[in-house]
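Inspection log for the structure reproduced underneath, given as structure tokens.
Just so you know, these numbers come straight off a predicted model, no measurement behind them. Within every chain, numbering begins at 1; the chains are lettered A, B, ... in the order of the sequence lines, protein sequences first and strands thereafter.
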Number of protein chains: 2
Amino acid sequence: MDDWDNYRLILALARSGTMRAAAIDLGLTHTTVSRRLAVLQDARGRLFEKTTDGYVATALGYALIEVAEKMESLSLAGARHQRALDQEIAGTITLSLPEAIAQYLLLEDLLEFTQLHPSIELRVETSYRFVDLDRSEADVVIRGAQEPPDHLVGQRLFPNFVTYYANKEYLETTPRSELRWIAPTPEARTPGWLENSPFPDAPIAIGIDDITARHRALVKGMGLSRGACFMADPEPSLVRLTSKPPEPQQDIWVLTHPDLRQTPRIRVLMDFIARAMRDKKSLVLGQLPAA
Amino acid sequence: MDDWDNYRLILALARSGTMRAAAIDLGLTHTTVSRRLAVLQDARGRLFEKTTDGYVATALGYALIEVAEKMESLSLAGARHQRALDQEIAGTITLSLPEAIAQYLLLEDLLEFTQLHPSIELRVETSYRFVDLDRSEADVVIRGAQEPPDHLVGQRLFPNFVTYYANKEYLETTPRSELRWIAPTPEARTPGWLENSPFPDAPIAIGIDDITARHRALVKGMGLSRGACFMADPEPSLVRLTSKPPEPQQDIWVLTHPDLRQTPRIRVLMDFIARAMRDKKSLVLGQLPAA
DNA sequence: CGTCATTGGTGCAAAATCGTTCCAAAGAAG
DNA sequence: CTTCTTTGGAACGATTTTGCACCAATGACG
């Protein structure tokens, strides 16, 4: 018995009496319980005897059940301890981050964070109204920037990569002369984006400020667009317009105020975000999985 | 964390500091430790932080390490308890069984039994001198018999099946007229065995009393022979002489004296033997694995 | 006494886990 | 500063584990 999980098996079988019931308790099937018990008893000797009404522990089995019961109370005490620890970092955090990242990159992760830390109330603020971060009410900020921002501390992750996309069907059914661009509003356009694109002669049909609205229009086949890899690559209806590698844009930063940095609650969130982002690094860099 | 074995992982990592060392402690590789820790921390939050000299537990990690330490002492106490229980059934058992079964069927199992119950000294007696079991010094007896034996109690398992065999090379290279039988001594022969055999006209070259000696001669290609399936089937150099199903011989019994039957030590051994035999039932019945 | 439900076991295919082999990064040693 | 060792992670193939669909055996119930 070099697998402590076997104690859980013993406990479930002792309590429920039958393999099928024990399997349900453990979230398994009766075959798995049967096989695991078989190897366990081969290694440690008979633990249960099959009687007319279920499995009954032998002397040895009973000894191990007692161990398992104590282990269970330990485990439950550990869970309580964990909740108590989480209480110590209870409070509210306001997180400000770009709408696109919130919706397309970190949505599930942020939900997971709230489940992992029930004592933390997380408020997500996706508007860009707070351009001046010092005056912002946010505690933690995710933003793209070239330089380390003043008065804020944190870590730089990696650049956000973009390239050119279109809806596959739109691209195949639209005559080349009819292709149109969906662009940001003029002041937000990257210099040279059109000239370096695969279709520099196509006209700009519309300028949309909101990045997710632009993405929706792109997915619906309303035109060509330059967009973030992490938004477009997972969308199966979209194809890249060029085989050239995506281009890096601004670096992504995870930031907070210097006087909040040592706050455990803040540290936990920033660490969590950094970890979640790194897990998606290849997606943000636009590295296609099997290409 | 619905797998208590993860506590072992935490403990090993906390003690050794690096994944590679922890992996060695656990008998695994560092990749496995790394992956398991990753999913664990995804589910329960950060438990360790990577510092310049190894992994250091966070507050949460430390709480779980304490749980794991207590679990470990529980597990060790359980192992001591098991040894103590085994002491209660300490003593000597003399087991009498046919030489063929001892050598070809239960050898590993009996060894395993002594490891499982170090407090029991098992003496194996394979001679057939004790034909009268009441006068035998054996505590437990395995024997073949048609009827439930007098003055002894226990359980009947299943019949021992036999059929006809030869060394494959011997069969292919020997002219049919040169084929010879290796038989038991005349008084031990089953009536009609020769007439019902595939080669009823082949002469009997030799009569050997000892069953294992007969088997060895058969394997060495010294002739045809009728023998137990559980001895011959696992031997790759032997082939069956007939496609007819093997014939049942005497039932196999596991027996003891009535006044010993309730002795825990005896019960443990008899239960173990019955279980081991049932695991090999298809082998004894001569049911070929992939035929 | 027959029917039906429940139990645990078997064979096979799918899935998760693991080990091997590689590699980049970071410290330690020279 | 360079070299070398040690660390942990990634990709891939192999093994193990697991679930599913059956089945025989046993007991419950009408």
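Every residue two or more places apart in sequence or in another chain that forms a ring-ring contact (aromatic ring centres under 6.0 Å, His included) with Phe113(B) is listed here: His117(B), Phe272(B). Residues satisfying the ring-ring contact (aromatic ring centres under 6.0 Å, His included) test with Tyr104(A), not counting sequence neighbours, are His215(A). With sequence neighbours excluded, the residues forming a salt bridge (Lys or Arg N to Asp or Glu O under 4.0 Å) with Asp271(B) are Arg46(A), listed by chain and number. Among residues two or more places apart in sequence or in another chain, the ring-ring contact (aromatic ring centres under 6.0 Å, His included) test is passed with Tyr55(A) by none. Lys244(B) is linked by a side-chain contact (heavy atoms from CB on, under 4.5 Å) to Thr242(B), counting only residues two or more places apart in sequence or in another chain. Listed by chain and residue number, nothing satisfies the ring-ring contact (aromatic ring centres under 6.0 Å, His included) test with His81(A) (two or more places apart in sequence, or in another chain). Applying the side-chain contact (heavy atoms from CB on, under 4.5 Å) criterion to Asp25(A), with sequence neighbours excluded, gives Ala12(A), Ser16(A). Every residue two or more places apart in sequence or in another chain that forms a salt bridge (Lys or Arg N to Asp or Glu O under 4.0 Å) with Glu72(A) is listed here: Arg15(A).
A straight line from CG of Leu26(A) to P of dT17(D) spans 17 Å, rounded to a whole angstrom. Separating the CG atom of Leu9(A) from the P atom of dG8(C) is a distance of 12 Å, rounded to the nearest angstrom. Distance NZ (Lys50(A)) to P (dA24(D)): 16 Å, rounded to an integer number of Å. Note: CZ (Phe48(A)) to P (dG9(C)) measures 13 Å, nearest angstrom. Distance, Asp53(A) CG to dT6(C) P: 17 Å, rounded to whole Å. Spacing between atom CG of Asp3(A) and atom C1' of dC18(C) amounts to 14 Å, rounded to whole angstrom units. Look at NZ on Lys281(B): it is 14 Å from P on dG9(C), rounded to the nearest Å. The nearest whole Å value for the distance from the OH atom in Tyr55(A) to the P atom in dT26(D) is 13 Å.
Exactly one residue among Leu97(B), Val140(B), Leu269(B), Val141(B) makes a side chain to side chain contact (heavy atoms under 4.5 Å, CB included) with Val254(B). That residue is Val140(B).
Phosphate contact (OP1/OP2 of dG19(D), side-chain N/O of Thr29(A), threshold under 4.0 Å): present.
Within residues 16-23 of chain A, the residues that place at least one heavy atom under 4.0 Å from DNA chain C are, in residue-number order, Thr18(A), Met19(A), Arg20(A).
Taking every side-chain heavy atom of Arg36(A) into account, dT18(D) is the closest of dT18(D), dG27(C), dG19(C).
Each of Leu28(A) and Thr52(A) lies near DNA chain D, and the nucleotide nearest Leu28(A) is the one positioned closer to the 5' end.
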Collect all protein-nucleotide pairs involving nucleotides 10-16 of chain C in which both atoms are nitrogen or oxygen and the distance is under 3.5 Å.
none

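Across its full length, the helix from dC1(C)-dG30(D) to dG30(C)-dC1(D) shows an angle of 40° between the axes of its 5 terminal pairs at either end, rounded to 10 degrees.
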Which atom pairs, one a donor and one an acceptor, fall under 3.5 Å between side chains of residues 277-286 of chain B and the rest of the protein, sequence neighbours left out?
unit_1: Arg278(B); atom_1: NH2; unit_2: Gln155(B); atom_2: OE1; d: 3.1
unit_1: Lys280(B); atom_1: NZ; unit_2: Asp109(B); atom_2: OD2; d: 3.2

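Residue Arg267(B) places its CZ atom among 12 or fewer non-hydrogen atoms of other residues, nucleotides or ligands, all under 6.0 Å distant.
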